[in-house]
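Reviewing the structure listed below.
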Amino acid sequence: MTSTSLEDHAGGPGPARFVVEVSPPKDGSTRARAGRLQLTHGVVDTPQFMPVGTNAAVKALDPDDLRAAGASIILSNTYHLYLRPGHERIERLGGLHRFMAWDRPILTDSGGFQVVSLGDLRVIDEDGATFRSHLDGSVHRFTPELAIQVQMALGSDVALAFDQPVMPTSPAAVVADATRRTHRWAERCVAAHDRSDQALFGIVQGGLDTALRTESTEFIRNLPFDGICIGGLAGDETAAQREATLDVVVRLLADDPRPRYLMGLGSPADLLEAVHRGVDLFDSVLPARVARNGQVWVPGGKLNLRNRQFLDDGTPIQEGCPCAACRTFSRAYLAHLFRAKELLAYRLATCHNLTFTLDFMGRIRTAIRSGDFPRALPGLRLHAGRNGLGEVAGKSA
Ligand SMILES: [Zn+2]
């Protein structure tokens with residue numbers, strides 16, 4: 001792999017043109033930056049959050065709901081779509097965008113995480129991973145080449161290399177083995193990828209070990225990927241461990257022209273701290289998953305709509321929020337819907353949490369573009385809910 005090919009990814013033609021429009025200040029007070037990522041189906045302003053549509057749908061929402069929430073790009077899962085309804089069927093039906101009627105960018109993951117976390121009886125060898133479907137127990141085998149082939153058939157804007165993730169706190173030998181296999185698989189993914197309207201991102205692993213993270217970052221950045229994913233975090237590590245690891249990776253990528261994507265991080269407070277340390281892209285099921293349990297996010301914390309106190313609360317979830325729930329309905333109505341298990345509850349609460357999350361990313365971008373992100377940090381931390389989104393009082397926030 002030649003280093004000259006890296007230049008192609010900064011502003012030139014290609015499936016992912018990324019321009020850093022506001023660079024971090026020279027004084028080192030933050031590594032937060034603002035950029036624009038041009039993909040085949042549209043532009044993504046960064047830092048940005050990607051809602052997750054596991055089965056080619058963000059649970060309970062349709063594309064109009066997603067656009068209203070402010071989503072400019074979503075993530076969909078290769079593993080799930082391969083198993084059901086099958087990538088070849090989606091390709092015959094015109095590709096993933098047409099299949100799910102979403103005309104903005106889509107990023108597909110590679111299936112590596114699901115193979116390891118969902119597939120039973122998985123066996124990893126040098127060539128690939130064999131696993132049993134979590135749906136029907138049938139046996140399947142993913143190789144780097146197949147993971148790329150599936151994503152090319154789906155036609156996402158961004159495909160990811162097939163990796164072998166491990167929990168951050170796994171034994172050192174396990175992390176080292178998986179990381180070096182991920183490197184060999186990354187080279188095979190680059191060789192297998194052949195779709196000019198689709199970007200390909202590589203994944204850095206390396207656990208929490210500084211030397212191994214350094215080795216992995218240097219290996220992946222020397223391949224001609226269009227973007228760099230930071231994998232193996234958002235697991236069982238502490239916030240301090242995550243931040244230390246980000247410091248290792250982002251320092252090495254300081255002058256790299258490509259976007260950085262931290263996989264699997266979702267709470268507003270965590271997103272903010274990762275942006276502060278130089279991350280551009282995120283995805284997580286968290287805002288939608290907690291919404292379906294009745295937990296909605298508001299400035300300063302969260303409300304649990306299953307609590308009895310909201311049954312008589314005629315105010316919206318969040319005053320001034322433009323989402324489908326807050327524009328029209330009261331907390332009392334939502335609290336009733338959750339108790340009655342009405343399907344509308346899941347849609348409205350999800351609309352709110354995604355609107356809140358995407359609005360928060362917009363606030364972060366505005367602060368970076370103002371040129372004084374460090375001074376805006378305390379206010380943003382307050383908005384995110386400082387103590388990991390502790391519950392706030394029932395009054396309108
Ligand atoms: Zn709302």
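Just follow the structure's listing: the first ligand is 1, and inside any ligand the first atom is 1. Just so it is clear, the structure is predicted and the values come from calculations on it, not from any experiment. Positions are given from 1 along the sequence.
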Within the 6.0 Å centroid threshold, strictly below: Phe99 and His87: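 No - the distance between ring centres of Phe99 and His87 does not fall below the 6.0 Å cut-off.
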Arg36 side chain vs Asp45 backbone, donor-acceptor pair below 3.5 Å: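 No.
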Ring geometry between Trp297 and Phe356 (parallel below 30°, tilted from 30 to 60°, perpendicular above 60°):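 Phe356 and Trp297: perpendicular rings.
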Cys321 near the Zn ion (ligand 1) via N/O/S, less than 2.8 Å: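 It does: Cys321 brings an N, O or S atom closer than 2.8 Å to the Zn ion (ligand 1).
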Arg67 bridged to Asp103 by N-O distance under 4.0 Å: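 Salt bridge present between Arg67 and Asp103.
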Of all N/O/S atoms in His352, the name of the one nearest the Zn ion (ligand 1):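 Nearest N/O/S atom of His352: ND1.
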Vertex the Zn ion (ligand 1), rays to SG in Cys323 and SG in Cys326 - rounded to 10°: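 The angle at the Zn ion (ligand 1) comes to 110°, rounded to the nearest 10°.
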